[in-house]
Amino acid sequence: MPEIGGVGAAPQVEVDVATLAAVLIGGTRWHQLDRAGLVRMHDEAALPQLERLFATAEAPFAGVMF
């Protein structure tokens, strides 16, 4: 596993706030965003790491039907 760089280290991945929010809200995976061109990969090894880091056992569900 690669080491985590300190302050000033070159980024492995760049995304805008909306893309990061899509992952944090749930239901969107990093590989989907990468295929859509919304992730700027500087290190291809970072994508599988992001998938594991943000993985959840269950998909998000609000429990409210409209």
Side-chain angles (χ1 to χ4, degrees):
M1 183 174 285
E3 291 185 25
I4 297 173
V7 174
Q12 293 176 309
V13 176
E14 290 182 63
V15 296
D16 62 19
V17 172
T19 302
L20 180 59
V23 174
L24 293 175
I25 290 172
T28 305
R29 307 262 318 262
W30 283 101
H31 72 273
Q32 295 168 319
L33 296 169
D34 184 43
R35 273 190 246 147
L38 299 173
V39 179
R40 290 174 299 284
M41 301 297 296
H42 299 289
D43 180 358
E44 293 301 321
L47 188 59
Q49 292 175 357
L50 286 170
E51 288 285 359
R52 286 191 305 272
L53 181 64
F54 287 86
T56 58
E58 298 179 20
F61 176 68
V64 178
M65 300 303 289
F66 292 97

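Along the sequence shown, residues carry numbers from 1.
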- Message: Using 0.5 Å steps for rounding, measure from the CG atom of Leu33 to the OG1 atom of Thr19.
- Response: 6.0 Å

- Working to the nearest 0.5 Å, report the span between CG of Leu47 and CZ of Arg52.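 Between Leu47 CG and Arg52 CZ, I get 10.0 Å after rounding to 0.5 Å.
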
Ignoring hydrogens and angles, write down the donor-acceptor pairs under 3.5 Å from the side chains of residues 23-30, residues two or more places apart or on other chains.
from	atom 1	to	atom 2	distance (Å)
Arg29	NE	Glu51	OE1	2.8
Arg29	NH2	Glu51	OE1	3.0

- Message: Is there a continuous path of hydrophobic side-chain contacts, each under 4.5 Å between heavy atoms, that joins Val13 to Val17?
- Response: no

- Measure across Pro11 and His42 and return the closest heavy-atom pair with its distance rounded to 0.1 Å.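 Pro11 and His42 have their closest heavy atoms at O-CB, 3.3 Å.
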
